[in-house]
Amino acid sequence: MLKEYRTIREVVGPLMLVDQVEGVTYNELVEIRQQNGELRRGKVLEINGSRALVQLFESSNGLQIETASARFLGHSIELGVSMDMLGRVFDGMGNPRDGGPQLIPDERKDINGEPLNPAARDYPNEFIQTGVSAIDGLNTLVRGQKLPVFSGSGLPHAQLATQIARQARVLGAHEKFAVVFGAIGITFEEAEYFISDFRRTGAIERAVLFMNLANDPAIERIATPRMALTAAEYLAYEKDMHVLVILTDITNYAEALREVSAARKEVPGRRGYPGYLYTDLASMYERAGRIIGKQGSITQIPILTMPEDDKTHPIPDLTGYITEGQIILSRELHRKGISPPIDVLPSLSRLKDKGIGDGKTREDHASTMNQLFAAYSRGKDAKELAVILGDAALTDVDKKYAAFAEEFEKKYVSQGYQTNRTIEETLNLGWGLLAMLPRNELKRIRDYMLDKYLHDSTIEETKDEVVEEEHH
């Protein structure tokens, strides 16, 4: 029998102080019952002797502390999990948001997860096809990887997130694949966009959605990504599924963490964020991966908006340290009408070499990737030089590189949010663009590959399209 405490001493905003408690632990769930039977929930933020500081999930408006009682439940926040989660939409605390019935769980899991022995981790080395050329061809996503998207306010990261969720698949018909989508602190319009896009395209059949809105409590915002990851761990490690977890927006999560930290009067770190921000983010990101002996895997794509487009801001800075690379969206490309506006040169996937090549994608993948990077970089330099000194200052070869860079952005990077390219289409498109350059400039590709792929019929068609557009 759980003990009820009628010793609520003080309520300030979302915080409540309960006196004379025994055996209460950090993060434990609390139920606060009013005299009229109304029930509110919270969790323990701090224990000081016999005093417990509780953070309420709802507003404290109208709470009568003289007559209310607090009951400590003996466990932290849990999520009920079962295969019936697929195709459902939940709020940030795991309650149905789609008007459907309550889930009948197979089991209940602590949302903080369990520590994973580093020696039990398997190395990520299998290709995931997102259907987006700038990712698949140049910054390849590998099963078990964590690859964040660094965006900015007003950039189309929501469209890119839904495109990846809709299109992503592991190659091989026998693989069971699911998407867990966690939206943190988003507006009602954004939530409607995500849900309607998933339903319209049928992607919701293999997806679990957790939606935390901007007007929901900050404490719920901290729980949402952990709810999503707990659902992913159940599907991956108990149901042998390959799970892609998309979390947006990590910046809203960090802001909520700062708000709770300030309420607890903790000493602030950089820009007012708590000193444990790195540890806290790592506790989420490191729940991605593969485990030796388990069929399933968890791949993470966290999305964050960089305040003032600043890569040195604590949130992108610390995220970059923990994760294996980043996909960066460019405001300049967005203004030029490139969609998705992925800036491929500063973007990076540290594990891309592990998931490409013969038997995974195609033998020419690594060589063409390196050649495309080099040619695009030189083409951008040539275009900048032309702006300063005029076209007359460019050599004929530099003019070809400048034309290549222009076509590369238009044809390869810009594909819209509805186009789903196979890896073969992406590689062939790359060859078609490289055919714009003199053969002796393609120094990063071996001769036998040039002989085999540079004059392939499907690639020739791509080349003809590129040249025809140039003439127009």
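As the structure is a computational prediction, the values presented were derived from the model and not from experiment. Quick note: numbers below take in every heavy atom, side chains included, and nothing from hydrogens, waters or symmetry partners.
- Under the side-chain contact (heavy atoms from CB on, under 4.5 Å) criterion, Ser349 pairs with Asn139, Gln145, Leu147, Lys352, not counting sequence neighbours.
- Under the side-chain hydrogen bond (donor to acceptor under 3.5 Å, both in side chains) criterion, Ser76 pairs with Asp110, sequence neighbours left out.
- With no hydrogens or angles considered, a side-chain donor-acceptor pair links Glu255 and Tyr273 at under 3.5 Å.
- The pair Lys294-Asp240 does not meet the salt-bridge criterion, since no charged nitrogen lies less than 4.0 angstrom from a carboxylate oxygen.
- Taking the side-chain contact (heavy atoms from CB on, under 4.5 Å) definition, one finds that Arg121 meets it with Leu116, Glu286, sequence neighbours left out.
- Judged by distance alone, the side chain of Thr187 and the main-chain N or O of Glu190 form a donor-acceptor pair under 3.5 Å.
- For Asn95, the CG atom is densely surrounded, since the number of other residues' heavy atoms within 6.0 Å is greater than 12.
- Side chains of Arg226 and Tyr253: a donor-acceptor N/O pair is present below 3.5 angstrom, by distance only.
- With 3.5 Å as the limit, one finds no donor-acceptor pair spanning the side chains of Asp136 and Thr426.
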Under 3.5 Å, which donor-acceptor pairs link side chains of residues 315-323 to any protein atom two or more places apart or in another chain?
| from | atom 1 | to | atom 2 | distance (Å) |
| --- | --- | --- | --- | --- |
| Asp317 | OD2 | Arg270 | NH1 | 3.3 |
| Asp317 | OD2 | Arg270 | NH2 | 3.3 |
| Thr319 | OG1 | Tyr285 | OH | 2.9 |
| Thr319 | OG1 | Ile315 | O | 2.8 |
| Thr323 | OG1 | Thr319 | O | 2.7 |
| Thr323 | OG1 | Gly325 | O | 3.4 |

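- At least one donor-acceptor pair closer than 3.5 Å links the side chain of Thr361 to the backbone N or O of Gly357.
- The six-membered or imidazole ring of Phe181 lies near that of Phe194, with a centre-to-centre distance under 6.0 Å.
- Side-chain atoms of Arg421 come within 3.5 Å of backbone atoms of Tyr412 as a donor-acceptor pair (strictly under, hydrogens ignored).
- A side-chain donor-acceptor contact under 3.5 Å links Arg290 to the backbone of Tyr123.
- In this structure a side-chain-to-backbone donor-acceptor pair under 3.5 Å is missing from Ser330 to Ile342.
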Exercise answer: donor-acceptor pairs, residues 34-42 side-chain atoms, under 3.5 Å, sequence neighbours excluded:
| from | atom 1 | to | atom 2 | distance (Å) |
| --- | --- | --- | --- | --- |
| Gln34 | OE1 | Gln64 | N | 3.1 |
| Gln34 | NE2 | Gly62 | O | 3.0 |
| Asn36 | OD1 | Glu38 | N | 3.0 |
| Glu38 | OE2 | Arg40 | NE | 2.9 |
| Glu38 | OE2 | Arg40 | NH2 | 3.1 |
| Arg40 | NH1 | Ser59 | O | 2.5 |
| Arg40 | NH1 | Asn61 | O | 3.1 |
| Arg40 | NH2 | Asn61 | O | 2.8 |

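- At a cut-off of 3.5 Å, with distance as the only test, a side-chain donor of Glu266 or Ser261 sits close to an acceptor on the other residue.
- A distance of 6.0 Å or more separates the ring centres of Phe150 and His313.
- Between the Arg221 side chain and the Ala214 main chain, a donor and an acceptor come within less than 3.5 Å of each other.
- Using a cutoff of 4.0 Å between basic side-chain nitrogens and carboxylate oxygens, Lys109 and Glu78 are not scored as salt-bridged.
- Formation of a donor-acceptor pair under 3.5 Å by the Ser297 side chain with backbone atoms of Arg143 is not found in this model.
- With contacts defined as side-chain heavy-atom distances shorter than 4.5 Å, the pair Pro96/Val89 does not qualify.
- The backbone N or O of Gly87 lies less than 3.5 Å from no partner atom in the side chain of Arg206, so there is not a single donor-acceptor pair.
- Among residues at least two apart or in separate chains, side-chain hydrogen bond (donor to acceptor under 3.5 Å, both in side chains) pairs with a member in residues 334-346 are Lys336-Glu409.
- Classification of Arg9 and Asp19 as a salt-bridged pair holds, one side-chain N sitting under 4.0 Å from a carboxylate O.
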